[in-house]
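Worksheet for the structure shown next.
Naming: A, B, ... by sequence-line order, numbering from 1 per chain. Just so it is clear, the values below take in all heavy atoms, side chains as well, and ignore hydrogens, waters and symmetry mates.
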Number of protein chains: 2
Amino acid sequence: MAPVPKPSISHRLAEAAVALFDENGYDATTVDDIAARAGVSRSTFFRHYHSKEDAIFPDHDALLARIDTRLRASAADTAIVAITDAVRLVLAHYVDDAEVSLRRYRLVREVPALRDREIASVARYQRLFREFVGEWLGDSPDAGLRAELMAASVVAAHNQVLRGWLRAGGAYDPFGLLDHALGYVIATFRHLEQPQEKGEQVVVATFSRSASPRAVMEAIQAHLEAR
Amino acid sequence: MAPVPKPSISHRLAEAAVALFDENGYDATTVDDIAARAGVSRSTFFRHYHSKEDAIFPDHDALLARIDTRLRASAADTAIVAITDAVRLVLAHYVDDAEVSLRRYRLVREVPALRDREIASVARYQRLFREFVGEWLGDSPDAGLRAELMAASVVAAHNQVLRGWLRAGGAYDPFGLLDHALGYVIATFRHLEQPQEKGEQVVVATFSRSASPRAVMEAIQAHLEAR
DNA sequence: CATAAGTACGGTACTGAGTTTCGTACGTTT
DNA sequence: AAACGTACGAAACTCAGTACCGTACTTATG
């Protein structure tokens with residue numbers, strides 16, 4: 001039988017970093033400590049990670065690339081499906097290795113430098129969504145503003161669901177809540193889409209006494225935007 | 001007559017920092033350079049600003065405090081007025097000294113470290129709005145999610161207007177655009193407010209043939225949310 | 001098989017941000 | 001006049017991040 005496949009240096013470094021951050025805290029851990037525990041030199045650390053913070057955010061670039069390709073592959077289906085899929089991809093990335101996500105969450109929550117970095121990387125996701133929505137809306141009036149709003153809302157919805165799941169210790173399946181939250185966003189922005197005139201008609205609407213205003217709104221929206 | 005009132009050391013440091021950043025770039029400017037131009041020692045720089053980046057973001061804390069007090073002072077008026085006022089406060093803070101804002105914008109745009117810091121501070125504003133909206137919505141269903149979405153949208157609307165104004169070199173008055181953008185946000189979220197049942201009634205709506213779907217929507221919303 | 005080329009790592013030295021500590025000058029209080 | 005607090009300068013230190021060089025180990029190429 002083959003011996004235990006020796007893990008890559010990157011993995012050893014990441015594990016050493018997380019372990020030391022857990023034991024001694026982020027600030028009290030030097031890059032030398034991480035390299036020493038991983039059994040390599042300080043130079044090697046900086047060849048694999050460009051900064052001390054990078055050791056704990058290893059895969060943001062790869063995820064960004066996956067989001068980008070998913071969004072760009074939205075020729076056939078509708079844009080909303082592409083957005084929903086892309087957001088689900090992000091959440092799945094966290095849920096798939098929950099232990100790592102949870103440990104990182106605890107760390108990020110209490111180290112300001114890591115929190116700021118997390119926020120900055122979230123902004124990069126938001127930028128991807130904004131560009132996609134912007135291209136989708138074309139040059140309709142207020143396209144830039146609407147793209148900005150929609151991207152911010154999509155990302156905020158995802159973060160709300162993710163943070164709740166993290167705070168609960170990853171105890172449940174968050175995809176239902178994500179769909180609910182995204183449904184909120186989509187319903188919110190649906191009536192901002194510029195509907196095209198398609199022959200004029202008189203609309204007369206009647207509703208039962210027990211219909212909630214929100215149900216009324218949704219019914220009306222469905223009618224108004226069915227072309 | 002009194003001699004020219006000598007500026008405070010903080011001001012001298014900030015001006016020296018901006019000037020040197022403009023001349024030689026951010027990375028090529030050391031804290032020693034800044035302190036030397038301001039005529040003080042390196043120690044004094046770090047007594048006035050906790051980091052090199054701080055020299056260019058001097059007043060975020062003060063503005064945050066003003067936003068907070070404005071939001072908390074919303075007992076009499078409605079929450080939407082408070083939010084609008086608070087956002088206007090932020091925009092005014094940039095517009096009031098346009099030269100500083102423009103110079104900082106050019107710098108922040110091309111220095112990654114500064115961009116990340118800007119994003120992180122924006123997140124602190126968003127947190128204020130989120131907490132306010134959360135308290136406002138109380139424990140209605142999905143209050144947390146709706147607060148997150150609304151705060152993100154409000155901040156995104158402000159940033160969209162501000163960035164457009166900065167890109168244009170501060171050539172116009174952006175408050176009209178801000179009101180328009182905030183109107184978008186408010187209209188977007190109005191039909192998410194949980195309307196309370198106030199006696200049931202039958203609604204019958206008729207509209208002229210020429211009414212645009214959006215006009216129809218707005219009229220319906222006005223009726224649904226008039227209590 | 002031998003040599004050249006490419007790659008991955010270790011070691012050293014350096015820059016610069018940020019912290020800590022100590023000394024000192026100046027103004028204020030009692 | 002003595003005690004005190006405050007603000008600054010100076011120096012030493014830690015550590016992240018970069019640049020450079022030397023060396024082993026592998027892989028193509030003659």
Side-chain angles (χ1 to χ4, degrees), chain A residues 3 5-58 60-61 107-108 110-118 120-121, chain B residues 3 5-58 60-61 107-108 110-118 120-121:
Chain A
K6 68 174 178 186
S8 74
I9 290 186
S10 291
H11 273 107
R12 290 221 312 270
L13 281 170
E15 284 186 14
V18 171
L20 286 172
F21 292 165
D22 271 345
E23 293 173 14
N24 310 329
Y26 179 80
D27 289 321
T29 303
T30 72
V31 174
D32 282 293
D33 298 336
I34 302 172
R37 174 174 289 217
V40 297
S41 76
R42 211 176 81 100
S43 304
T44 300
F45 176 89
F46 282 110
R47 283 201 188 88
H48 287 261
Y49 298 105
H50 287 226
S51 78
K52 183 178 165 186
E53 303 169 354
D54 272 347
I56 215 164
F57 298 116
H60 262 137
D61 286 346
L107 235 70
V108 167
E110 55 197 16
V111 178
L114 296 179
R115 255 191 19 194
D116 287 359
R117 183 184 177 94
E118 175 91 351
S121 61
Chain B
K6 68 175 176 184
S8 74
I9 289 185
S10 292
H11 273 107
R12 289 220 313 270
L13 281 170
E15 285 187 13
V18 171
L20 287 172
F21 292 165
D22 271 345
E23 293 173 15
N24 310 329
Y26 179 79
D27 289 322
T29 303
T30 70
V31 173
D32 283 292
D33 298 337
I34 302 172
R37 174 174 287 216
V40 298
S41 76
R42 211 176 82 100
S43 305
T44 302
F45 175 90
F46 282 109
R47 283 202 188 87
H48 287 260
Y49 298 104
H50 287 228
S51 78
K52 182 178 165 186
E53 304 169 354
D54 272 348
I56 217 165
F57 298 115
H60 262 137
D61 286 347
L107 236 70
V108 168
E110 55 196 17
V111 179
L114 296 179
R115 254 190 20 194
D116 287 359
R117 185 186 176 93
E118 176 91 352
S121 61

For B/H48 and D/dC8, is the shortest distance between a side-chain N/O and OP1 or OP2 below 4.0 Å?
->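 Yes, because at least one side-chain N or O of B/H48 sits under 4.0 Å from OP1 or OP2 of D/dC8.
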Residue list, side chain to side chain donor-acceptor pair (under 3.5 Å) with [X], at least two apart or on another chain:
X	answer
B/R117	B/E53, B/D54
B/S41	B/T44
B/T30	B/D33

[X]: partners by ring pair (Phe, Tyr, Trp, His ring centres under 6.0 Å), with sequence neighbours left out:
X	answer
B/H11	none
A/H50	none
A/F46	none

Degree of bending, the helix from C/dC1-D/dG30 to C/dT30-D/dA1 (end axes from five pairs; round to 10°) |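 That helix gives 0° between its end axes.
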Any chance you could measure B/L107, atom CG, to B/E118, atom CD, to the nearest 0.5 Å?
->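 Reported to 0.5 Å precision, the distance equals 11.0 Å.
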All N/O donor-acceptor pairs, side-chain side in residues 13-24 of chain B, below 3.5 Å, sequence neighbours left out:
from, atom 1, to, atom 2, distance (Å)
B/E23, OE1, B/R37, NH2, 3.2
B/E23, OE2, B/R37, NH1, 3.4
B/E23, OE2, B/R37, NH2, 3.2

Reading 5' to 3' through nucleotides 14-23 of chain C, protein heavy-atom contacts under 4.0 Å coded B for base, S for sugar-phosphate only, - for none | --SBBB----
Between A/N24 (CG) and D/dT14 (P), how many Å, whole number?
->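 Going from A/N24 (CG) to D/dT14 (P), I get 18 Å.
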